[in-house]
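To start, the structure itself, in C-alpha cells.
Residue numbering restarts at 1 for every chain, and letters A, B, ... go by the order of the sequence lines. Any value given below was found using the heavy atoms of this structure, including those in side chains, with hydrogens, waters and symmetry copies removed. Since the structure is predicted, the reported quantities are computational estimates derived from the model, not experimental observations.
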Protein chains: 2
Amino acid sequence: MTFKRTNPLALAVLALLSERPMHPYEMAQTMRERHQEKVIKLNYGSLYTVVESLHRHELITASAVQKAGNRPERTVYAVTAAGTAELHDWLRELIAVPAREYPRFEAGISLVGLLPPADALQVVTRREAAVGEQLAALAVLLEKLAGMGLPQLAWIELDYRMAMLRAERTWLAWFATATREGTVGGYQDWEDRHR
Amino acid sequence: MTFKRTNPLALAVLALLSERPMHPYEMAQTMRERHQEKVIKLNYGSLYTVVESLHRHELITASAVQKAGNRPERTVYAVTAAGTAELHDWLRELIAVPAREYPRFEAGISLVGLLPPADALQVVTRREAAVGEQLAALAVLLEKLAGMGLPQLAWIELDYRMAMLRAERTWLAWFATATREGTVGGYQDWEDRHR
DNA sequence: TCCCGTATATCCGGCACCGAGTATAGGGTC
DNA sequence: GACCCTATACTCGGTGCCGGATATACGGGA
C-alpha cells in the first residue's frame, strides 16, 4: 500500500525531520515553539499514529532508542530519501491543487434562511466583530515576528490568512448591510416566512 | 451525554427533516438535487451513522417503517421539538463563531521555503489558474440558478465562496509576482539555500 | 421470458483520530 | 529529606468516519 496523504501532521513531521533527527515529543515541542500548531493541527495521539505510519512506509527510520536514566525510552527518527521525495511532492500538490474542503461557515450561511432576519443579522454582526479581533491579533503577532528579524517568507501563511480574513470581513459587512436594508435577493419572502 | 456538534451532515439532516419527514436515502437524493453536497460533505456511511446518533439523542424520531413490496425496509424519520431547537442554535453558533479550521493550503504554503523558488513559482501559478477556473465555473452556475428564478438568498453560500476565491486569486498573483521579482522578504536567503 | 444494467436502500468492518490517562524525573521550597 | 508541582515521554481505549459490499426492484431490449 502506498502512503496516504491524509493528515498534514505527517507533512510537518517530514519537514521537521529534514532539519535533524528527533523523537516525537521533541517534534511537538518544536512545533509549539514555532507556532506551527496554529497551521497544522497537533495532538499527541495523532502524532504517534502518524509517526508509526510514516515508519511503516519507510519514509522515516527509527535511528536510535535513547534511554537517559530511567526515563521512558524515546525513539529518535530520521527521514529517508523516499521521505524527502514524499515531502517535496506532497508540498507541491498541496500548493498547486486546491483541495475540496468544507468550511463550517459555508454550511451555516447556506441555511441562514432558516433563521429570522433579525437573528441572522445579529449573528453575522457577531462574526464580523470576531473576525476583526482575529485580524488585530494577527497584526500584533506579525509585528512581533518582524521585530524578531524573521523574514516575510517565514510567516507567509499568516500573510495569506490575513488576506482571507479581510475578504471575509468585507463580505460579512456587505451581507449585514444587505440584510438590514432588505436588499438581499429574496428578502421579502424571507421576512414573510418568519412572522 | 449531550449531542456533539461535530459532523455538519447532522445539520443538513435536521434542516431537511424540518421541511418534511424522510428516510435517509431520500435525504441524500434531495441534497444532491440541491447541490447541497458541495457545501456539506455527504457519504452514505456517515449519513446513517449521523442519523442514528440524532435518533439516540432524541432530536429525531423514527416515525414509520415503510415496506413497499419487498424492498429493504426504509425508516422514515421526523424532527422533534428538541431537534428544531438544536438546529437553530447550532446554526447561530456556526455563523457567529469562527471555527478554528486547518486549510490544507495554509499547511503547504507555510513550508514553501523548502521548495526551490522556481518550483514554488510554478506550483503557485498552477493554483492561480485552478482557482480562476473554479471562479469561472461558479459564475456559470450562478447564472443558471438566477435564470431559474432562485433568489440570491438561496445560493448565498456561493456568493461567499466566490468572494473568498477572488481574494485567494489576488493573493496568489501577488505572491507569484513577489517571487518572480525576488521582492518577497527573505528571498535572497531562500535562493541561496537552493543552489 | 429472460437477462442485465441501473436505481433503491442499508449495513458493516477497518482504521485514523482523539484526548485523557500513566509514570518517571527534575527542581524548588519549607 | 519530605513534599509537590511541572516537564518529559508515551500509551491506550473509545468513537466516528469512510467506502465498498450487499440485496432487492424495476424497466427495457433481444
Just say parallel, tilted or perpendicular for the rings of A/Tyr25 and A/Tyr44, cut-offs at 30° and 60°.
parallel
Separation of C/dC18 atom P from B/Lys4 atom NZ, nearest Å, is 12 Å
By nearest nucleotide on DNA chain D, pick out whichever of A/Gly45 and B/Ser46 is the more 5' one.
A/Gly45
Please report, rounded to the nearest Å, how far the C1' atom of C/dG19 is from the CG atom of A/Leu47.
14 Å
Is the distance between the ring centroids of A/Tyr77 and A/His55 less than 6.0 Å?
yes
Roughly, in whole Å, what's the span from CD in B/Glu52 to P in D/dT15?
12 Å
B/Lys41 bridged to B/Glu37 by N-O distance under 4.0 Å:
no
Using atom CD of B/Gln29 as one end and atom P of C/dT10 as the other, report the distance to the nearest whole Å.
11 Å
Mutual orientation of the aromatic rings belonging to A/Trp190 and A/Tyr187 [parallel < 30°, tilted 30-60°, perpendicular > 60°]
perpendicular
Spacing of A/Tyr25 atom OH relative to C/dT24 atom C1', expressed in whole Å:
13 Å
Counting any heavy atom closer than 4.0 Å, what does A/Glu26 reach on the DNA or RNA strands: base, sugar-phosphate only, or nothing?
nothing
Please tell me whether B/Glu106 and B/Tyr102 have a donor and an acceptor in their side chains that are separated by less than 3.5 angstrom.
no
Could you state the atom-to-atom distance from CZ of B/Arg74 to P of C/dA7 in whole Å?
17 Å
Report, one line per pair, each donor and acceptor closer than 3.5 Å where one atom sits in a side chain of residues 130-140 of chain A; sequence neighbours left out.
none

Sort me out a list of protein N/O and nucleotides 14-16 of chain C N/O pairs below 3.5 Å, or just none if empty.
none

So, is A/Tyr48 close to the D/dC10 phosphate, meaning a side-chain N or O under 4.0 Å from OP1 or OP2?
yes
Under a 4.0 Å N-O cut-off, is there an ion pair linking B/Arg5 with B/Glu93?
yes
Would you say D/dC10 has OP1 or OP2 under 4.0 Å from some side-chain N or O of A/His23?
yes
For B/Tyr44 and for B/Val50, locate the closest nucleotide of DNA chain D by heavy-atom distance; then report the residue assigned to the nucleotide nearer the 5' terminus.
B/Val50
For DNA chain C, find the residues of residues 31-41 of chain B with a heavy-atom distance under 4.0 Å and give them by number; none if there aren't any.
none
A/Leu42 atom CG is separated from D/dA9 atom C1', nearest whole Å, by 14 Å
Look at A/Glu168 together with A/Arg127 and state whether they make a salt bridge at an N to O cut-off of under 4.0 Å.
yes
Taking atom CD of A/Glu19 as the centre, report whether more than 12 heavy atoms of other residues, nucleotides or ligands fall under 6.0 Å from it.
yes
Separation of atom CG in A/Asn43 from atom P in C/dG19, rounded to whole Å:
5 Å
